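Worksheet for the structure shown next.
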Amino acid sequence: MHRIDTATKATDLFGPGKHGFKDGDPLTGDPASTLNAAWFNSVQEELCGLVEAAGLTLSADNTQVLRALKKLLAPAGQIAYFAMAAAPAGWLKANGALVSRTTYADLFAAIGTTFGAGDGSTTFKLPDLRGEFVRGWDDERYVDGGRAFGSAQGDNVRGPAGGGNLITNIGASMGLAAGSAATGSLVGSIVAFGTTTADTRPRNVALLACIRT
């Protein structure tokens, strides 16, 4: 494939010193551009290469190039976040819905029943990312060991380094004896801390999580 109107254009595409397509002029006898078989073959090979690079089999389907571009730019199963409340074309909300294995065959081939088997025959379940933080899968690094791919995890607050009871450790650092009235007061203060919210969280922005079909 050649560029037509840039500094890297092929100057001999339509004859010495000529480039690009042109209209004919019947008044002067100047003929219009004539495209030869080599040009069409070159374009066809470029498009076939694009389709095959996406893992598709060449056929008479006239949507192949569009489907190939979609797969190469965003493969089925990719998760993305959008700054709008509705899923864009080609995406579904990652909301745990049960969807058709036939209608979304590419997505089913990509994620299978990892997030749920649906009815076991005609549907499968999408991941549900509503209100969730996403964590990278441990994948045998053993930082977050024992996790199955796609599994959910409840919230947790890590205890003090070196082990021990959080209240006792704080009390000891303040010079309070375990079991003292002062330590009991400290316990009450810590228990009351933060109880106005339902979770522990960092600053965040709520966006729409979607999955590519």
Side-chain angles (χ1 to χ4, degrees), residues 1-15 18-23 32-130 132 134-140 148-151 205 207-213:
M1 190 172 290
H2 302 286
R3 295 186 182 278
I4 294 175
D5 56 356
T6 69
T8 60
K9 58 184 173 287
T11 57
D12 60 348
L13 188 59
F14 300 108
K18 297 181 180 180
H19 59 82
F21 304 109
K22 67 182 181 67
D23 294 324
S33 297
T34 301
L35 303 182
N36 57 29
W39 188 89
F40 283 108
N41 289 338
S42 174
V43 172
Q44 182 75 2
E45 283 301 311
E46 291 270 0
L47 295 175
C48 288
L50 173 65
V51 171
E52 291 177 331
L56 301 178
T57 301
L58 294 172
S59 68
D61 179 4
N62 60 11
T63 68
Q64 289 180 101
V65 173
L66 177 60
R67 290 191 293 115
L69 287 172
K70 286 181 177 179
K71 289 192 69 172
L72 291 171
L73 294 175
Q78 178 178 334
I79 294 291
Y81 289 83
F82 294 91
M84 50 194 180
W91 297 78
L92 291 173
K93 291 183 178 181
N95 62 2
L98 301 184
V99 296
S100 168
R101 298 185 182 191
T102 302
T103 303
Y104 301 105
D106 288 346
L107 179 57
F108 181 61
I111 70 171
T113 59
T114 300
F115 302 94
D119 64 6
S121 59
T122 64
T123 64
F124 66 105
K125 188 175 182 180
L126 302 178
D128 194 347
L129 299 182
R130 295 173 297 175
E132 300 284 2
V134 176
R135 183 175 190 173
W137 179 39
D138 186 87
D139 196 16
E140 298 186 1
F149 177 78
S151 62
V205 176
L207 296 177
L208 179 65
C210 295
I211 188 166
R212 190 72 164 102
T213 63

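Because only heavy atoms are used, hydrogens play no part in the values below, and waters and symmetry mates are left out as well, while side chains stay in. Given the structure is predicted, the values throughout are model-derived calculations rather than measurements.
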Check Cys210 against Pro88 and note the closest heavy-atom contact, atom names and distance.
SG-CD, 4.3 Å

Under a 3.5 Å distance rule, please check whether Arg212 uses its side chain to pair with a backbone N or O of Pro75 as donor and acceptor.
no

In Å and rounded to the nearest 0.5 Å, what is the CD1 to CG distance from Ile211 to Leu107?
4.5 Å

Between the CG atom in Leu69 and the OG1 atom in Thr63, the distance rounded to the nearest 0.5 Å is 11.5 Å

Angle between ring planes, Phe124 versus Phe108, binned at 30° and 60°: parallel, tilted or perpendicular?
tilted

Check the surroundings of atom CG in Asn41: do more than 12 heavy atoms from other residues, nucleotides or ligands lie under 6.0 Å from it?
yes

Between atom CH2 of Trp91 and atom CD1 of Ile79, what is the distance when rounded to the nearest 0.5 Å?
8.0 Å

How long is the span from the CG atom in Leu56 to the CG atom in Leu50, to the nearest 0.5 Å?
9.0 Å

Hey, mind stepping through Arg101 and Thr113 against side-chain contact (heavy atoms from CB on, under 4.5 Å) and telling me if it holds?
CA-CA 10 Å; Arg101 298 185 182 191; Thr113 59; 3.9 Å; yes

Could you check if a side-chain atom of Lys125 sits within less than 4.5 angstrom of a side-chain atom of Ile111, using non-hydrogen atoms only?
no

Atom pair NZ/CG of Lys93 and Leu208 - distance to nearest 0.5 Å
6.0 Å

Closest approach of Gly118 to Thr123 (non-hydrogen atoms, all atoms of both residues):
CA-OG1, 3.4 Å

For a 4.5 angstrom cut-off between non-hydrogen side-chain atoms, does Val51 reach Val65?
yes

Calculate, to the nearest 0.5 Å, the distance between atoms OG1 and CG belonging to Thr122 and Asp119 respectively.
3.5 Å

Which pairs, with at least one residue in residues 67-83 and sequence neighbours excluded, count as a salt bridge (Lys or Arg N to Asp or Glu O under 4.0 Å)?
Asp61-Arg67

